[in-house]
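For reference, the structure is listed below as structure tokens.
Side chains included, hydrogens not; waters and symmetry mates left out as well; all remaining heavy atoms used.
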Amino acid sequence: MGTRIVFHIDFDYFYAQCEEIRNPDLKDKPVCVCVFSDRGGDSGAIATANYNARKFGVKSGLPISFAKSRLDDQKDAVFLPVDFDYYMDISDKAMEIMKSKSDIFEYVGKDEAYLDVSKRVNFDWNKAKELAQEIKIEIKEKLNLTCSIGISPNKLISKIASDFQKPDGLTIVYPEKVNEFLDPLKIREIPGIGNKTEEKLSEMNFSTIKDLKELDVFALNKEFGRKSGTYIYNAVRGIDNSPVKTREPNTQFSKIMTMKMDSTDFDFILSNLSELCKEVHQVVLNKNQMFKSIGIHLIQSDLSNKTKSKTIKNPTSSLEELEKNVEQLLREALEDQKLPIRRVGVKVSDLSDLREQSSLTNYF
DNA sequence: GACTAGTGTCGAC
DNA sequence: TTACGGTCGACACTAGTC
């Protein structure tokens, strides 16, 4: 038995590619898939842009108005609202194909998954490569969708590898080539290292993964905390022992929205939160869950965050109890409120199975 | 010291 | 340089309790 063989598969510019599949005329144009907020106009952000749009610096997370100004000269640029149901449909079908070709399948999100294929290919890297090509072809033929695949001995490296050649890429990092592959990459390529961490490290004059190997685990722990420090120490050395495993159920559900206008008015904010309570409650009901922890999330006009949460005595699935607690949390949060509120959210966590409870009550 | 609760930050997509 | 979504998970830090 050799090392594990792990795939990371990522659908290219997923939402925008879905739109291209539905309407092939879009392929030559810059396409931006947008999450418009309730505020009207161009309030909102870019979810995904195709490569024609990325050429002009448009990428996910960008405010829509910013994207529009960057594409000002591109008269054929297209801005479409997200259509999650349609994307989910394509995603589900592609996931089924991947699942059927793996020993262990781990769903990560609508557009990515890990596959452990070690046994299926008998720990043979050539067979693994053939399997990956087979998956790419089948997804392309059945759904007209392209994806990028990274293959390596673990999830961490496979994830980095799937991003290495995009779109429609296939990158294999053999066990003996791990360091050669990682060393020249920017620190930012390590999943989990985002803006803040990169900035901190760049101030310390570290730029590539090879550079970072100079730091011992104690220095990293001191700078980033025990968990993150140790994670980074291992990651730059290509070490990741986390298994590919079936996805665990969610541990929280939340809904967030941008209000029609910024406000400090208790009743106005509460009416928005109340709508969110109903939506969250519906989700919880569909999933047959109860919750024990309730939280609200306020985003102020300067985009800073304020959260309040509480744990209640007994798990519940009651909408009334949810709304009552949210109201109280809002009251506490608005004491001494200076800035107007822009966005509001409701979250429930500490979930437990409702069926256990009902089967008990049925029993008596 | 171990544990829980609550708040805030970071990061991924 | 301004502009600014929605969901989820991990974890650091702090305060309080036992």
Side-chain angles (χ1 to χ4, degrees), chain A residues 8 10-16 32-39 41-49 57-70 72 81-82 84 87 91 107-114 155-156 159-160 162-163 188-200 221-232 235 242 247-259 262 276 279-280 283 292-313 325 329 332-333 342-351:
Chain A
H8 180 258
D10 193 312
F11 308 148
D12 303 317
Y13 61 103
F14 183 53
Y15 297 169
C32 303
V33 178
C34 309
V35 182
F36 291 99
S37 81
D38 264 7
R39 204 160 271 214
D42 289 334
S43 172
I46 303 296
T48 319
V58 175
K59 52 181 182 180
S60 13
L62 221 59
I64 295 166
S65 52
F66 195 176
K68 284 200 172 170
S69 77
R70 288 202 172 179
D72 218 13
V82 283
F84 287 118
Y87 311 145
S91 171
Y107 176 92
V108 184
K110 286 183 200 54
D111 69 340
E112 59 174 315
Y114 291 104
K155 295 203 307 188
L156 170 77
K159 171 127 179 121
I160 299 173
S162 70
D163 202 45
R188 185 58 188 271
E189 298 285 324
I190 298 171
I193 295 193
N195 237 326
K196 299 282 178 179
T197 314
E198 183 186 36
E199 231 169 75
K200 227 170 179 180
N221 286 356
K222 193 174 170 213
E223 196 65 36
F224 300 103
R226 190 175 55 87
K227 289 272 193 178
S228 308
T230 306
Y231 167 76
I232 295 172
S242 62
R247 183 184 158 90
E248 305 282 347
N250 286 7
T251 61
Q252 56 169 257
F253 296 106
S254 66
K255 290 280 175 190
I256 190 167
M257 65 173 300
T258 304
M259 297 191 294
D262 293 9
L276 296 176
E279 292 177 30
V280 171
V283 174
K292 198 153 112 48
S293 190
I294 297 171
I296 63 170
H297 184 177
L298 307 178
I299 294 139
Q300 313 183 95
S301 56
D302 68 348
L303 300 184
S304 63
N305 297 293
K306 204 168 175 180
T307 60
K308 285 266 172 218
S309 63
K310 67 181 292 190
T311 304
I312 55 181
K313 285 243 157 41
N325 281 287
L329 289 168
E332 288 165 20
R342 178 185 178 87
R343 304 167 65 202
V344 294
V346 172
K347 175 181 87 172
V348 299
S349 51
D350 243 312
L351 303 173

Listed partners of A:Arg188 passing salt bridge (Lys or Arg N to Asp or Glu O under 4.0 Å), at least two apart:
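Result, salt bridge (Lys or Arg N to Asp or Glu O under 4.0 Å) vs A:Arg188: A:Glu198.
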Not counting sequence neighbours, which residues clear salt bridge (Lys or Arg N to Asp or Glu O under 4.0 Å) with A:Asp163? List them please.
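A:Asp163: no salt bridge (Lys or Arg N to Asp or Glu O under 4.0 Å) contacts found.
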What are the two closest heavy atoms between [X] and [Y], and how far apart are they?
X: A:Ile160; Y: A:Glu189; value: CG1-O, 3.6 Å
X: A:Lys255; Y: A:Val280; value: CG-CG2, 3.5 Å
X: A:Tyr114; Y: A:His8; value: CE2-CD2, 3.3 Å
X: A:Tyr231; Y: A:Ile190; value: OH-CG2, 3.9 Å
X: A:Ile294; Y: A:Leu329; value: O-CD1, 3.6 Å
X: A:Val58; Y: A:Cys32; value: CG1-SG, 3.9 Å

Taking the side chain as every heavy atom from C-beta outward, state whether A:Val344 and A:Ile299 have any atom pair closer than 4.5 Å.
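Side chain of A:Val344 against side chain of A:Ile299, heavy atoms only: no contact under 4.5 Å found.
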Are any non-hydrogen side-chain atoms of A:Phe11 and A:Lys110 less than 4.5 angstrom apart?
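Not touching, per the 4.5 Å side-chain cut-off.
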What pairs with [X] under side-chain contact (heavy atoms from CB on, under 4.5 Å), at least two apart in sequence or on another chain?
X: A:Ser43; result: A:Ser37, A:Arg39, A:Arg342
X: A:Ala45; result: none
X: A:Val82; result: A:Tyr15, A:Val33, A:Val35, A:Ala47, A:Phe84, A:Tyr87
X: A:Ser349; result: A:Gln252, A:Ser293, A:Lys347

Go along nucleotides 4-9 of chain C 5' to 3' and tag each nucleotide: B for a protein heavy atom under 4.0 Å from its base, S when only backbone or sugar atoms are that close, - otherwise.
BBBSBS
Take nucleotides 1-13 of chain B nucleotide by nucleotide from the 5' end and write B, S or -, depending on whether a protein heavy atom sits under 4.0 Å from the base, only from the sugar-phosphate, or from neither.
----SSSS-SSSS
Taking only N/O atoms, report every protein-nucleotides 14-17 of chain C pair under 3.5 Å with atom names and distance.
none

Listing time: all N or O pairs from protein to nucleotides 11-13 of chain C that are below 3.5 Å?
unit_1: C:dA12; atom_1: OP1; unit_2: A:Lys227; atom_2: N; d: 3.0

Rounding to an integer number of angstrom, what distance separates B:dA12 and C:dC4 when you compare their P atoms?
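About 24 Å, rounded to a whole number of Å.
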Among all residues two or more places apart in sequence or in another chain, which pass the side-chain hydrogen bond (donor to acceptor under 3.5 Å, both in side chains) test with A:Asp72?
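Applying side-chain hydrogen bond (donor to acceptor under 3.5 Å, both in side chains) to A:Asp72 gives none.
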Using C1' atoms of five pairs at each end, report the bend of the helix from B:dG1-C:dC18 to B:dC13-C:dG6 rounded to 10 degrees.
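Result, rounded to 10 degrees: 10°.
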